[in-house]
Participant: 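Shown below is the structure under consideration.
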Amino acid sequence: MIRIGQSIDIHQLVTDRPLILGGVEIPHHLGLKGHSDADCLLHAIIESIIGAMGLGDIGKHFPDTDPQYKGISSMILLEKTYELMKKEGYTIGNIDSLIMCERPKMAPHIGTMRENVARVLHCDISQINIKATRGEKLGFIGREEGIVCQAVVLLNKEG
């Protein structure tokens with residue numbers, strides 16, 4: 001059986017927070033606001049996996065009202081999502097994701113992001129694609145007020 005899930009996550013850019021995407025801390029004067037580390041790329045990937053399994057959304061499994069998730073690394077949330085996926089009998093077919101961010105440039109960090117996601121999801125790096133685009137100075141992305149990430153996942157299940 002093949003299942004598809006998709007998700008989008010948006011976080012505001014603020015001062016005094018690190019910018020973490022795909023489990024990589026990226027040098028920048030702004031970071032993402034959120035209850036956890038606010039890694040909106042991993043949040044979109046996590047929620048697309050949960051959605052493909054038909055198990056709700058990220059907030060159902062990792063609510064931002066729960067103090068245990070305050071400041072937590074989204075890599076840990078991805079590991080917990082992998083355990084849920086494994087328990088349900090699914091494996092990754094592939095993930096295609098997109099970061100929409102005016103600055104900084106993502107290209108130097110995408111390889112490490114892909115390695116991080118592939119390692120935690122126990123799949124080959126060729127099954128993980130991460131792209132980035134700018135807002136071309138348009139809208140809240142172009143004004144550097146926030147970052148949007150999208151993800152689409154294909155899951156496989158034997159039987």
Side-chain angles (χ1 to χ4, degrees), residues 1-11 13 17-28 30-64 66-101 103-133 146-159:
M1 176 181 1
I2 296 174
R3 303 281 302 251
I4 297 171
Q6 63 87 32
S7 185
I8 185 169
D9 196 44
I10 303 167
H11 282 266
L13 282 162
R17 288 277 299 201
L19 177 58
I20 300 171
L21 291 168
V24 177
E25 187 165 341
I26 299 167
H28 194 54
L30 299 171
L32 294 170
K33 181 179 178 181
H35 184 70
S36 66
D37 64 3
D39 186 330
C40 65
L41 176 62
L42 292 186
H43 293 180
I45 290 171
I46 289 165
E47 191 165 73
S48 67
I49 293 168
I50 291 168
M53 293 185 291
L55 298 177
D57 61 22
I58 193 170
K60 177 180 176 183
H61 296 269
F62 313 111
D64 64 6
D66 190 331
Q68 74 174 311
Y69 301 120
K70 177 76 175 156
I72 194 169
S73 166
S74 295
M75 291 295 288
I76 293 170
L77 301 181
L78 186 62
E79 289 171 7
K80 291 177 181 292
T81 302
Y82 171 76
E83 291 302 321
L84 178 62
M85 189 180 83
K86 184 176 167 185
K87 178 182 163 211
E88 295 291 322
Y90 288 98
T91 58
I92 296 292
N94 74 299
I95 294 173
D96 189 27
S97 57
L98 173 66
I99 302 166
M100 290 175 265
C101 172
R103 288 186 314 144
K105 293 217 176 270
M106 293 291 122
H109 310 287
I110 286 176
T112 305
M113 292 176 193
R114 290 178 65 215
E115 289 169 5
N116 288 344
V117 173
R119 181 182 69 253
V120 171
L121 295 178
H122 300 268
C123 65
D124 191 81
I125 195 168
S126 67
Q127 294 168 272
I128 308 299
N129 191 50
I130 299 171
K131 312 176 288 286
T133 190
I147 293 178
V148 176
C149 293
Q150 296 178 322
V152 176
V153 63
L154 181 125
L155 297 182
N156 296 311
K157 185 174 188 177
E158 295 300 318

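Computed from a predicted model, the values in this text were never measured in an experiment. Residues take their numbers from the sequence shown, with the count starting at 1. FYI, side chains are in, hydrogens and waters are out, and symmetry mates aren't considered; it's all heavy atoms of this structure.
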Participant: Applying salt bridge (charged side-chain N to carboxylate O under 4.0 Å, His left out), can you list everything that pairs with K80, at least two apart in sequence or on another chain?
Facilitator: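 Salt bridge (charged side-chain N to carboxylate O under 4.0 Å, His left out) check on K80 returns nothing, list empty.
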
Participant: So if I apply the side chain to side chain contact (heavy atoms under 4.5 Å, CB included) rule between I45 and each of L77, T81, I50, I95, which one comes out positive?
Facilitator: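 So the option named by the test is I95.
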
Participant: Calculate, to the nearest 0.5 Å, the distance between atoms CG and CG belonging to D39 and L78 respectively.
Facilitator: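 With rounding to 0.5 Å, CG (D39) is 9.0 Å from CG (L78).
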
Participant: Checking the side chain of Q127 only, and the main-chain atoms of G93 only, is there a donor and an acceptor separated by less than 3.5 Å?
Facilitator: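 Answer holds: yes.
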
Participant: Could you work out, with side chain to side chain contact (heavy atoms under 4.5 Å, CB included) as the rule, every residue matching T133, not counting sequence neighbours?
Facilitator: L98, M100

Participant: Kindly state each residue pair satisfying salt bridge (charged side-chain N to carboxylate O under 4.0 Å, His left out) with at least one member in residues 82-99, sequence neighbours excluded.
Facilitator: D96-K131

Participant: Considering residues at least two apart in sequence or located in another chain, which fulfil the side chain to side chain contact (heavy atoms under 4.5 Å, CB included) criterion with N94?
Facilitator: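 Once residues adjacent in sequence are excluded, the partners of N94 under the side chain to side chain contact (heavy atoms under 4.5 Å, CB included) criterion are L154.
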
Participant: Which residues pass the side chain to side chain donor-acceptor pair (under 3.5 Å) test with D9, not counting sequence neighbours?
Facilitator: H11, H43

Participant: The criterion is salt bridge (charged side-chain N to carboxylate O under 4.0 Å, His left out); which residues satisfy it with D64, sequence neighbours excluded?
Facilitator: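 For D64, no residue satisfies salt bridge (charged side-chain N to carboxylate O under 4.0 Å, His left out) once neighbours in sequence are set aside.
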
Participant: Would you please name every residue forming a ring pair (Phe, Tyr, Trp, His ring centres under 6.0 Å) with F62, sequence neighbours left out?
Facilitator: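 Checked F62 against ring pair (Phe, Tyr, Trp, His ring centres under 6.0 Å); matches are Y69.
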
Participant: For residues 46-60, pull every pair meeting side chain to side chain donor-acceptor pair (under 3.5 Å), keeping only residues two or more places apart or in separate chains.
Facilitator: S7-E47

Participant: Please list every donor-acceptor pair under 3.5 Å in which a side-chain atom of residues 104-116 meets a protein atom from a residue at least two apart or in another chain.
Facilitator:
{"residue": "R114", "atom": "NE", "partner": "I128", "partner atom": "O", "Å": "2.7"}
{"residue": "R114", "atom": "NH2", "partner": "I125", "partner atom": "O", "Å": "2.8"}
{"residue": "R114", "atom": "NH2", "partner": "I128", "partner atom": "O", "Å": "3.2"}
{"residue": "N116", "atom": "OD1", "partner": "R119", "partner atom": "NH1", "Å": "3.3"}
{"residue": "N116", "atom": "ND2", "partner": "G22", "partner atom": "O", "Å": "2.9"}

Participant: Ignoring hydrogens and geometry, is there a side-chain-to-backbone donor-acceptor pair from R3 to L155 under 3.5 Å?
Facilitator: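 Pair absent, no side-chain N/O of R3 close to backbone of L155.
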
Participant: So, using side chain to side chain contact (heavy atoms under 4.5 Å, CB included) as the criterion, who are the partners of E25 when residues are at least two apart?
Facilitator: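 Testing E25 for side chain to side chain contact (heavy atoms under 4.5 Å, CB included), a comparison that skips the adjacent residues, returns P18, I20.
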
Participant: Which residues satisfy the ring pair (Phe, Tyr, Trp, His ring centres under 6.0 Å) test with H122, sequence neighbours excluded?
Facilitator: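 So H122 forms a ring pair (Phe, Tyr, Trp, His ring centres under 6.0 Å) with Y82.
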
Participant: Under the side chain to side chain donor-acceptor pair (under 3.5 Å) rule, collect the residues that match up with S97, sequence neighbours excluded.
Facilitator: none

